[in-house]
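To start, the structure itself, in structure tokens.
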Amino acid sequence: MKAARSEILANVRSALNKKDIEIPSAVDERLRAHAINTVPARVSGADADRIAIFIEEAERASATIERIKAPKELAGAVTAYLKSIDEEQAVRAAGHPLLKECLAEQTILEVTEGPSDGTDTVALTAAFAGIAETGTLVLCAGSESPTTLNFLPDTNIVLLPEVSIVGTYEDAWAALRQTMGSGVMPRTVNWITGPSRSADIEQTLLMGAHGPRRLHIILLADS
Amino acid sequence: MRSTTRNFVDNAARGLADDKLQAALGRLSQGFPVKRLETISRLPEFEQLRDDAIAIKRHTLENLDSYLERYEENAKVSGAHVHWARDGDDAREIILGICRDAGAKTVTKGKSMVSEEIGINEFLADNGVEPIETDLGEYIIQLRDEPPSHIIAPAIHLSGAQVADTFKESHDELDADRDLSEPRTLLEEARAILRKKFLAADVGITGANMLIAETGTSVIVTNEGNGDLTQTLPKTHIVIASIEKVVPTLEDAATILRILARSATGQDITVYTTYSTGPKRADDLDGPENYHVVILDNGRSSLLGGEFEDMLRCIKCAACLNHCPVYKAIGGHAYGWVYSGPMGAVLAPALLGLGETHHLPSASSLCGRCQDVCPMRIPLPRLLRQWRRRWFETGGEDTKTRLGLAAWAFLAKRPALYRPLMAIGTSVLKLCGGGGRRFPILPRPEGGSFVDQWKRGKR
Ligand code: SF4
């Protein structure tokens, strides 16, 4: 398919009247600078209450939210939530250090760790960040965050430290670049805004299409 | 996918006479457009974001070769296999080859209009690989062996009762007397059946809403989560994306995402936005072992630098369909191919040629709603007029004019459609009327139904 590649690029260049096959420095400069375009003032201002906006927007997207003050409160919060939706006290959890810390001493929940094979009903994960602008969770694939947990179990419970709530999409990319380096991405970055849904039948909006039926976010306060 | 656009006149007639379709199309106006206004009203920067997005696309198209090369380079660094396809033939062979290498029996698919464009499903099935659509709407129309009637809501033309009939016929292993009267029970049935398919598939094929040059990343947006199950569970993930999907940076993608869902479904953002960069890594616990990207041209490069270049900014949001009086009267199937509404009427002639599609640019009142709501401010009415002119230049004038008049007569008889058009009558006149132009746009409606007139026009 070498031929196809050079043919397509040649067609593009001739349509653009480009004689030079060198990549212009302006292109690489733009990629290096990754400048920010317009961002919503509501969440980017210094005095924006990002936590309050995150909660409002996530709820608008039909997620449920609660706040805990300390890591050791997580197990109790999960237990109470599972009781409220009539689920068994068992979770499939991501092997995330923060979750391990939170669940270290608890005995009420049955916790197994690892990706999902489709037989688990409840997932417990920890988000890399939350984006206030649309109440969006950011999860990055890796040993601490298997992607299958985000999609296969019926109920998705996500722990999000309040310090990890940023204002805009661009803020989330900046945070990721700080962690991974510029130009490097995890295999998968999942932005999740509310539970799965479909309106494909008569435009009736229904939750729980192929992914989770419920998304419950537990915010962990700054300690 | 084979086009039936040649039969547009009959297709449109069938659409107009179909009561179930008319009921479904009636619901459309109450849905997406209302929600669109709501969400936009909460984002004061929306107009500025549109301008930014246009600037991003313009800059990228001006340097398309460079950004494609940088995208490819960065994707390869992450372990992606990048393939280039000049046309549908190339793309089908590449995809079949990957499926064969993977020993694939079944392939799950996320919704991808480009994959419909190249007719990958028929081709795979003919070659012994079973394709399974997993977006609920796509799944329904696949069972019915129909093309999508809307680019983001492929089964929008159907009633719940029709879907129930389809499921009873197709899922014949289930109790024939089960109650499928509610959308919820239909969804649950599809969910249960498709869950097994997701877990069993050997290959997953998705489209891409964007390719990001900076990082070599492909992006999909979905609400159901089907795209994610499609690309996470099988051993091999194939992305098919057309050349104009590339954007420079993550920040540029963010700008486009802010206008995409708002213009499409009226959501602030879709439930899932997924960024994929290469295959499973050493410390990953799940994900595909092979990650392929097929970059498809299929006629798009020939639009660059020409009078239809603006169309390459299209982000397939469907706002122009949702606001088009003609689309909402005849439905998407009338257009006879994968792309419908105003964007389809501009794109189809570019990709299929005017011989097949010359009816489409005429099937417009040039009311301008599409351009107003298009997040990329694509001058769709102007592009439609350009196609008309081209058709005239190639000798189709007679057919053409009469079709245009007939379309107007049809609208004039339907006050609900006519009024919004008249409200912007001056701009329509400016665009289309007067002074030696070839498209008198406000003729007095003549006798006979729309259908009759189209038939006459065709003669
Ligand atoms: S032409 Fe504009 S409104 Fe229509 S689908 Fe494309 S981007 Fe959306």
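Lettering follows sequence order; numbering is per chain, from 1. Note that the structure is predicted; figures quoted are calculated from it, not measured.
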Practice task
Please look at A:E57 and chain B and tell me whether the side chain, the backbone, both or neither of the residue comes under 4.5 angstrom of a heavy atom of that chain.
Solution key: side chain

Practice task
Look at the side chain of B:E45 and the backbone N and O of A:A41, then say whether any donor-acceptor pair between them is shorter than 3.5 Å.
Solution key: yes

Handout entry: Euclidean distance, A:R13 CZ relative to B:N63 CG, rounded to 0.5 Å
Key = 11.5 Å

Practice task
Examine whether an atom of B:Q30 lies under 4.5 Å from a heavy atom of chain A, and if so say whether it belongs to the side chain, the backbone or both; otherwise answer neither.
Solution key: neither

Handout entry: Whether B:R184 side chain and A:L206 backbone form a donor-acceptor pair below 3.5 Å
Key = no

Exercise for the section: Test side chain to side chain contact (heavy atoms under 4.5 Å, CB included) on B:Y275 and A:T188 and set out the steps. Expected result: CA-CA 5 Å; B:Y275 302 82; A:T188 304; over 6 Å; no

Practice task
For the pair B:D286 (side chain) and A:T147 (backbone), establish whether a donor and an acceptor sit closer than 3.5 Å, ignoring hydrogens and angles.
Solution key: yes

Exercise for the section: Flag the pair A:R187 / B:S78 as yes when at least one side-chain heavy-atom distance between them is below 4.5 Å, and no otherwise. Expected result: no

Handout entry: A:R60 side chain near B:Q267 side chain, heavy-atom distance below 4.5 Å
Key = no

Problem - Segment of B:D252 engaging chain A (4.5 angstrom heavy-atom cut-off) - result: both

Exercise for the section: Measure B:R42 against the heavy atoms of chain A and call it side chain, backbone, both or neither at under 4.5 Å. Expected result: side chain

Completion exercise
Output for pair (A:F151 CZ, B:T230 OG1), nearest 0.5 Å, gives 10.5 Å

Fill in the blank from the handout: The reported gap from CD in A:Q203 to CZ in B:F32 (rounded to nearest 0.5 angstrom) is 5.5 Å

Practice task
Report the option among B:I243, B:I152, B:I56 that has the most heavy-atom pairs separated by less than 4.5 Å from atoms of chain A.
Solution key: B:I56

Handout entry: Under 4.5 Å from any heavy atom of chain A - which part of B:L250
Key = both

Practice task
Look at B:A23, B:S276, B:S302, B:A254 and state which one has the largest set of heavy-atom pairs under 4.5 Å with chain A.
Solution key: B:A254

Exercise for the section: Apply side chain to side chain contact (heavy atoms under 4.5 Å, CB included) to the pair B:R258 and A:Y169, showing each step before the final yes or no. Expected result: CA-CA 9 Å; B:R258 283 198 184 95; A:Y169 301 147; 3.7 Å; yes

Handout entry: Residue B:E73 excluded, over 12 heavy atoms near CD under 6.0 Å
Key = yes

Exercise for the section: Report, by ascending residue number, the residues of residues 15-37 of chain A in heavy-atom contact with chain B at a distance under 4.5 Å; give 'none' if the set is empty. Expected result: A:A15, A:L16, A:K18, A:I21, A:I23, A:P24, A:V27, A:D28, A:R30, A:L31, A:H34, A:A35, A:I36, A:N37

Handout entry: Residue selection (most heavy-atom pairs with chain A, distance under 4.5 Å) from B:T215, B:V221, B:L136, B:T274
Key = B:L136

Exercise for the section: Quick one: pull up CZ in B:R281 and OG in A:S143 and give me the separation to the nearest 0.5 Å. Expected result: 12.5 Å

Exercise for the section: Look only at the side chain of B:R195 and the backbone of A:L152, and say whether a donor-acceptor pair between them is shorter than 3.5 Å. Expected result: yes

Exercise for the section: Find the distance between CD1 (A:I8) and CG (B:L296) and round it off to the nearest 0.5 Å. Expected result: 7.5 Å

Practice task
Below 4.5 Å from any heavy atom of chain A, which atoms of B:L194 appear? Answer side chain, backbone, both or neither.
Solution key: side chain

Fill in the blank from the handout: Output for pair (B:W84 CH2, A:S6 OG), nearest 0.5 Å, gives 10.0 Å

Exercise for the section: Taking the side chain as every heavy atom from C-beta outward, state whether A:T193 and B:T270 have any atom pair closer than 4.5 Å. Expected result: no

Exercise for the section: Against chain A, label B:F46 side chain, backbone, both or neither, depending on which of its atoms sit under 4.5 Å from a heavy atom there. Expected result: neither

Exercise for the section: Could you have a look at A:G194, A:G208, A:S14 and say which one has the most heavy-atom pairs with chain B under 4.5 angstrom? Expected result: A:G208

Handout entry: Donor-acceptor contact below 3.5 Å, side chain A:H210 vs main chain B:T134
Key = yes

Fill in the blank from the handout: Counting heavy-atom pairs under 4.5 angstrom with chain A, the leader among B:A213, B:P183, B:A24 is B:P183

Fill in the blank from the handout: Under 4.5 Å to a heavy atom of chain B? For A:A61 that would be neither

Completion exercise
What one should report as the nearest heavy-atom pair of A:A4 and B:D90 is CB-OD2, 3.9 Å

Practice task
Could you look at B:H59 and say if it's the side chain, the backbone, both or neither that has a heavy atom under 4.5 Å from chain A?
Solution key: side chain

Exercise for the section: Return yes if a side-chain donor-acceptor contact under 3.5 Å exists between A:S198 and B:E224, otherwise no. Expected result: yes

Exercise for the section: Evaluate the criterion side chain to side chain contact (heavy atoms under 4.5 Å, CB included) for residue pair B:R86 and A:R5; output intermediate values, then yes/no. Expected result: CA-CA 8 Å; B:R86 284 165 296 207; A:R5 180 185 189 278; over 6 Å; no

Problem - Positions in residues 119-140 of chain A that reach chain B, provided some heavy atom is under 4.5 Å away - result: A:E133, A:T134, A:T136

Problem - Engaged part of B:P279 at the chain A interface, taking heavy atoms whose separation is under 4.5 Å - result: backbone

Problem - A:R197 side chain vs B:N223 backbone, donor-acceptor pair below 3.5 Å - result: no

Handout entry: Interface residue of largest heavy-atom contact number with chain A, from B:D87, B:T232, B:N226, B:V82, under 4.5 Å
Key = B:N226

Exercise for the section: Among the options A:R177, A:R42, A:E144, pick out the one with the most heavy-atom pairs lying under 4.5 Å from chain B. Expected result: A:R177

Problem - Structural part of A:P195 lying under 4.5 Å from a heavy atom of chain B - result: backbone

Practice task
Mind running side chain to side chain contact (heavy atoms under 4.5 Å, CB included) on A:E202 and B:I156 for me, showing each step along the way?
Solution key: CA-CA 7 Å; A:E202 289 193 347; B:I156 201 161; over 6 Å; no

Practice task
Against chain A, label B:L257 side chain, backbone, both or neither, depending on which of its atoms sit under 4.5 Å from a heavy atom there.
Solution key: side chain

Practice task
Determine the minimum heavy-atom distance between B:Y272 and A:G211, stating which atoms define it.
Solution key: OH-CA, 4.3 Å

Handout entry: Within 6.0 Å of NZ in B:K280, more than 12 heavy atoms from elsewhere
Key = yes

Problem - Most chain B-contacting option - heavy-atom pairs closer than 4.5 Å, from A:T148, A:V39, A:N11, A:N190 - result: A:T148

Problem - Pair B:K111-A:D200, salt bridge (charged side-chain N to carboxylate O under 4.0 Å, His left out): steps then yes or no - result: CA-CA 12 Å; B:K111 181 159 70 64; A:D200 272 351; over 6 Å; no

Handout entry: Closest-packed option against chain A by number of heavy-atom pairs under 4.5 Å, given B:L64, B:N74, B:D228
Key = B:D228

